[in-house]
Structure formats: structure tokens, C-alpha cells
Number of protein chains: 2
Amino acid sequence: MDEVGAKAKTMKSTILHGIRVALLEIGSATTVELSDKLGISFPTISKFLGQMEKDGELILTGLDHSSGGRRAKRYTYNPEYKLGLALFMEENETNYVIFNCFGEVKEQGKTEPALMDDGFSLLTKDIEKLMEKYPHVSSMAIGVPGSVDNGRIFFIPGYKHIQDFDLKGYFEDQFSLPVVVENDMNAAVLGYHHNGKIKHNHSLIYLYSGQNGPGAGIMINGGVVRGSTFFSGEVSFVPQYDDRNFLRALGKGKKTDKKAIREEYEIDAISRLVASFTAIINPKTIIFCNDEVDESILARISVRSSTYIPANHLPELVASDWKQDYLCGLQVLGLKLMLAEESN
Amino acid sequence: MDEVGAKAKTMKSTILHGIRVALLEIGSATTVELSDKLGISFPTISKFLGQMEKDGELILTGLDHSSGGRRAKRYTYNPEYKLGLALFMEENETNYVIFNCFGEVKEQGKTEPALMDDGFSLLTKDIEKLMEKYPHVSSMAIGVPGSVDNGRIFFIPGYKHIQDFDLKGYFEDQFSLPVVVENDMNAAVLGYHHNGKIKHNHSLIYLYSGQNGPGAGIMINGGVVRGSTFFSGEVSFVPQYDDRNFLRALGKGKKTDKKAIREEYEIDAISRLVASFTAIINPKTIIFCNDEVDESILARISVRSSTYIPANHLPELVASDWKQDYLCGLQVLGLKLMLAEESN
DNA sequence: GGAACTTATTAAACCTCTTTAAAAAGTTTA
DNA sequence: TAAACTTTTTAAAGAGGTTTAATAAGTTCC
């Protein structure tokens, strides 16, 4: 735990990881470009690139045009070298995606719901079929609507039988590949963060008024906030009025089907929440689901919030596609696993 | 920015830093103990220890009792090898501390206030005298009641003339040693975190109802939360009742002198804030100033908070000495600078 | 009290990445 | 078209940390 960052043993994987990330980020590169970017000498880079090309992890796309000297070899990462499987479980279905290292979707679909009793065996069989079809799959990222602690489902309302279940361990044993499990909101905020190509470690909050009551995914300084009892983001409980918290202010006792936010009392409740977020965390952006708000609603929230907080400190309010961000976040997590693998 | 963590050049300072931290943490150690703890081979450790002993940075305290073999040399860090200066500026005075690497205070005192016009030149002269008296001082940590961005005073209410002033740059030029500048609440939360010997990266919130209105220092995942416009922790603005935010709920319009919290309406306002913190961040601990609350008040807040939030998710509420934590936090920041120095 | 066993330190061989130099491959200019 | 100049790649030398072996220093047992 106190270990020095990169000792000799981990050096190889550190470099490998660096090359992969850099190459994916900038699309293609030459030895020198990578050397500059990573601060590693070009002979070392050269050696690694040679090996990676042999393994099929890289593609030699050709030679650069010369600017007065020998032409440089230009490499691209082979996106098909490894694939990933991302899936998230919901009440009635399981959405999955097979994606490559560029984030391109090879196949997308729905399959068995797994959260109910006995759901896992059905799902496992479906995944087995997928694995046969795509033998290059080498990571799994799973999203669940509950609290997760290192792959174990810590708390998941409504599905008692899988509470305390070690989902990560289960699938790792089953398919012998690295698995990551994440909470839905956390994955979504991660996905948005990645999608927006946000430079560096801004704070984000993803707000979602789901069926099971509202929740928020919070990202601060580039890391997801989990909370000491995995309770962070349970904004239902924020006291807002003399005798109402956020949940009751939204009038959500009576499980309505309607999604869109429209009413004045909703606007005010959300604006107060935005104000609370700002006064406490002061995030760069708050993300809403685009099936719940539109631009005009956002504008109203923005105006209303500024009655509570100096406008110049208010976060940017945006609408985004929740499911897409969710899947994207899972893909990011899966990709991380793939890029970290020794693969040797 | 994308550089691989520890390349050869930084290796030396990484190891040096690791040895220093480990040695200060565990008090004393032998070559093998350090090697185990840091994951670095003992010949390397041995070489470094030899050099550090020559430099006077280490003290050979003697030989371990043998457990059947050659007796091992036991080293201790020499706390006087480097000293640090920590100071914080307030309206009417500047508190300072000279401390060694064990955190032991060599001298403590008050000196010129620096926040008013022309205060800096007086303070600078006083510091010069201190530096002559303690030539081993090799870092400075400065606390200010305002927002700080990388040593620059970003926003400081009431002292317009030093707004946007590069305090870090000024003192670094003046005394040619590393300087760190930090906001008061952030330093305090850091100090408490360090003082409590908290294992790992819990979330903490330091709540303070200062003269200039309440504020909070927030630490999440081991890092201080600054906010996108350096507005985080400005909890005055949290909407709490139909028509009152936290500041107004405390009845603080009329700048009262009284400090202690007693009234029922205060308890409720604070409890609602605790509930908001919990629902959003879910911190491990919330720290209050011990001149504002006592155990019975904390108990009342705790009970009241649990009317808003399930009690098992509520943070631990504690009282602590603000000035002491503040200074301690500054010391931690200064110490960090000292331990990172190449010193070669 | 010496033989056998433990453990810490020192020394030597080794591996890996970096630095520096040389070679290879292109482009431009006389 | 050959000489001069650029730039990349390959090769060799160098530096720093690790691994392995050898040595030094203690302890225990007969």
C-alpha cells in the first residue's frame, strides 16, 4: 500500500499501458511522437512497438511523408485485437454491447433479465453464446442499480436475494477474464465525462429521477464519490422546505409514470437541489436525462437557481442520453481493464 | 501530462520520498523493514540510507537485538534536519509556528497582521528574522481566509487589494524555498484528517460558523474539494426552509458575537445541513469547532438529523480545535514540500 | 567452547531503460 | 546526379535498481 509507484516489475506494464492509451487517444503515431508524449526513450518505444506489431496489437498503416529525411513508420492500434462486453441489468431486461477498443459497437441487444430469482443462470448461458461468437472478448463491465463495493453488490433495493453477492468474482470464475461492476449512476457520470472529452478532472453530477426515486452520480476531482456507507447521491433525503425533502417536494410518493418535468413546484425543488450542489460541491456541470428535461426546462431551472445562488457560480446544466452515457461509462471501465492487461 | 509515472530521472526522488515518509510514519526502521514496506530491494535502500546518514538526515540509533543472526542497524529520521514555517493570516494577527519533521513545535507566536494595506512588508521583515534564527527552515505553508488557486489568492472577501495576488510566487522569490498557500477551511480539514491518523481517504467535512458567515472544508477520497469556481463549501446558500437558506436560518444577518450553538432553530438548521451532506456526499465524519458545540449539542444534532436521514448512514459528529487543526494542516502541507525536495 | 544454524550486510552479476553514436533512408541543391 | 543536409532507425555504451551469491556477525546446542 505504501509501494513506490512504478518499480521495475511493473515498468513493462506501465509502458505498455501508456503506449496503448496514447495511441488510442491520438489515433496514430510514430515512434518519436510516442516517445515525446510519454517521456520514454525512443529505443524503448521502438522495442515495444515491434513486439506489439508481431502480436497483432498494432497495424502499420504506412510511412509518413518525409520532411527532409527518412520516412517514419506510422502505427495505429488494432481495434479488433481485443473486444469488450458491457451490460447493465434492469428490472425487465439486460442491455448488452460488444465493443472494440475504439468504442465502436459490434453488436448491441437485450437479453434475459437477471435481477429476479434464478436470473443469473439464464444470463450466464446467453453470455456464453456471445463469448463463442466473439472469442476476442477480454473484459466484462457490468452495471447494476445498486451500491457496489469492489465487485460485490453491497445494497440493492428490491432484489434481496442478490444482496451481498460477489458479482465480479462470479463472472471472473465463470469466464476467466477481468470483470468490473459499477453502480448505474456512477457509470453514467463516468460515461458522460468520457464522452464530453472533458480535459481534466472537473466535478460532475448526473441527476436522474428514476422509477425508484431520484438519485445522483457524483464525480469529484476525476473520481467517483461512493460515500462512507455507499449512500452518496441519495438526494431524495435532502431537506428543502419546512416539511418536505426533495422526494416529497417532487410529489413522488405516488409512483407516477410521467417522466417529463414541467410543473413549477418541480422546477423549484430541482433548482433548490442545484443550489445545494453548488453551495457544497460547486460542480462544473449537472447532467439531466434528456427524456425528463428539455432546453426550456433547463433554462427555467437555471433562472430559478440563480435566486438561491450567485449566477456566476452556477454549474452548466445540460441534458444527455442516460442509457447511452451508462453504456459508455461501462465501456470506459471495461476498456480500462483491457488496456491494463499484460496480455503476454 | 501523460507521462509515465516514474521514469529513471524521478526514480531517485521517488525512492527518497518513500524512505522519508515510511521512516517518519513508523518511527524507526532497518534496511530490511524499509525494503519490505516499500517494495524496493535492500541493496538500493542500503545505498540510500548510507548517503542520508552521511548528510545527517538520518540518525543511527543502535543495533537491533538479534533473533539468531547478525544484528541489524536501526535508523531514525533526524527531525531537526529540516524545519518548516507555517503561518496563517487573520484580520488582526498572523499566527506562526516553526516545526520540525516530527511535527514538534519549536516556536509559536503571533506577529504583524498582513491582510491590511501594506501588511506584507512588515510581515516579510518578521519572517526574515525568523529565518535567521532558524536557518534550517526549508518550507513555508501559508493559510488565508480566501480561495486559493495554485498559490494565487483567487478571491478573498474584504481584502480587495490582495485579490489576485500571487502569494506563493512572492514568498518563493523572497526566501527561495518552496511555498504552499491554502484556504483556511481546506487546511483545517487536512489537519484533522492527518491528526486523527485516519487510515485511508475517508470523506470529511469541517464545518465552521466563522465571523464572515459559515463555511465548510470538504475532503473527498483524500483530496480537497475546490469547486469549479472555488465556491465549494459556501454552505450559507443551501436552501433549507420555504424561505430561508442556511445563513438566514442561523439568524446570522445581525453579526452577533456569540459563538456557542444552543437554540433549537440552530440545531434544526445544522441538522438539515448534516442531512444534506449525508444525502449528497455521505461523509465519514463532520467536524465542528469545539468553541461552538459540545457533546450535548452534538447529541442533539445527531438525534435531529436522524429525523431526516436513516441513522445508520449518518456521519460521526465530532468537535475539534479549529486553530490547532488549521495549523496542523498547514504543517502537513509544508512537510509534504520538505519530503519531496531533492535536497541534493 | 566450537560446530551448526540465522540473519544482516557487502559484493558481484544481471537486466532494463536511457543516452549517445552510427547507420540507413529521403530530400534538396549545385 | 552527386554532394550536403534531415530525419528515422538500429546499434552500442552507460546508469540505476534487482537478483543472486558471498561474507560478516550473532546465537544456540551439544
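Excluded from the calculations below are hydrogen atoms, water molecules and symmetry mates; all remaining heavy atoms, backbone and side chain alike, are included. Convention: sequence-line order gives letters A, B, ...; per-chain numbering from 1. The structure displayed is predicted, hence computed values, not measured ones.
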- The salt bridge (Lys or Arg N to Asp or Glu O under 4.0 Å) partner of A:Glu182 among A:Lys336, A:Arg226, A:Lys168 is A:Arg226
- Query: Reckon B:Ser41 has a side-chain N or O less than 4.0 Å from the OP1 or OP2 of D:dT18?
  - Reply: yes
- Query: Is there a donor-acceptor pair under 3.5 Å between the side chain of A:Lys284 and the backbone N or O of A:His202?
  - Reply: no
- Message: Nearest whole Å is fine: how far is C:dC17 C1' from A:Leu34 CG?
- Response: 16 Å
- Message: Pairs counted only when both distances fall under 3.5 Å, Watson-Crick or G-U: show me the 5' to 3' dot-bracket for DNA chain C, [ ] for pseudoknotted crossings and | for other-strand partners.
- Response: ||||||||||||||||||||||||||||||
- Message: Nearest to the B:Val32 side chain among D:dT10, C:dA8, C:dC17, which nucleotide is it?
- Response: C:dA8
- Item | Cationic N near anionic O, under 4.0 Å, A:Lys37 to A:Glu33 | no
- Any donor and acceptor pair, going by atom type alone, linking the side chain of A:Ser232 with main-chain N or O of A:Val225 inside 3.5 Å? yes
- Query: Has the side chain of B:Ser203 got a donor or acceptor atom that lies under 3.5 Å from a matching backbone atom of B:Pro283?
  - Reply: no
- Query: For A:Leu16 and C:dC17, what is the distance between atoms CG and P respectively, to the nearest whole Å?
  - Reply: 11 Å
- Query: Would you say the side-chain atoms of B:Asn78 pair up with the backbone N or O of B:Gly56, donor to acceptor, closer than 3.5 Å?
  - Reply: yes
- Euclidean distance, atom OH of residue B:Tyr75 to atom P of C:dA8 [Å, nearest integer]: 14 Å
- Task: Specify the separation, in whole Å, of atom CG of B:Asp36 and atom P of C:dT7.
- Result: 13 Å
- Where each residue is assigned the nucleotide of DNA chain D containing its nearest heavy atom, which of A:Pro43 and B:Pro43 is assigned the position nearer the 5′ end? A:Pro43
- Message: Is the ring pair B:Tyr81/B:Tyr77 parallel, tilted or perpendicular, if the boundaries are 30 and 60 degrees?
- Response: perpendicular
- Item | Qualifying residue for side-chain hydrogen bond (donor to acceptor under 3.5 Å, both in side chains) with B:Arg74, from B:Thr31, B:Asp64, B:Thr30 | B:Asp64
- Task: Measure the OG1-CE distance between B:Thr285 and B:Met219 for me, rounded to the nearest 0.5 Å.
- Result: 11.5 Å
Between the protein and nucleotides 26-30 of chain C, list every N/O to N/O distance that falls short of 3.5 Å.
from, atom 1, to, atom 2, distance (Å)
C:dG26, O4', A:Gly69, O, 3.1
C:dG26, N2, A:Gly68, O, 2.8

- Item | B:Arg74 vs A:Thr44, nearer the 5' end of DNA chain C by closest nucleotide | B:Arg74
- Task: Answer with base, sugar-phosphate or nothing: what part of the nucleic acid does A:Ser46 contact at a heavy-atom distance below 4.0 Å?
- Result: sugar-phosphate
- Starting from C1' on D:dT18, measure out to CG on B:Leu38 and report it in whole angstrom. 15 Å
- Answer with base, sugar-phosphate or nothing: what part of the nucleic acid does A:Thr30 contact at a heavy-atom distance below 4.0 Å? nothing
- Query: Nearest-Å distance, CG (B:Leu49) to P (C:dT9)?
  - Reply: 9 Å
- Query: Quick one: ring pair (Phe, Tyr, Trp, His ring centres under 6.0 Å) partners of B:Phe88, sequence neighbours excluded?
  - Reply: B:Tyr326
- Message: Rounded to whole Å, please give me the gap between NZ in A:Lys73 and P in C:dA24.
- Response: 15 Å
- Query: Please give, in whole Å, the distance from C:dA8 P to B:Ile45 CD1?
  - Reply: 14 Å
- Note on the structure: By nearest-nucleotide position on DNA chain D, the 5'-leaning member of B:Lys47 and B:Phe42 is B:Lys47
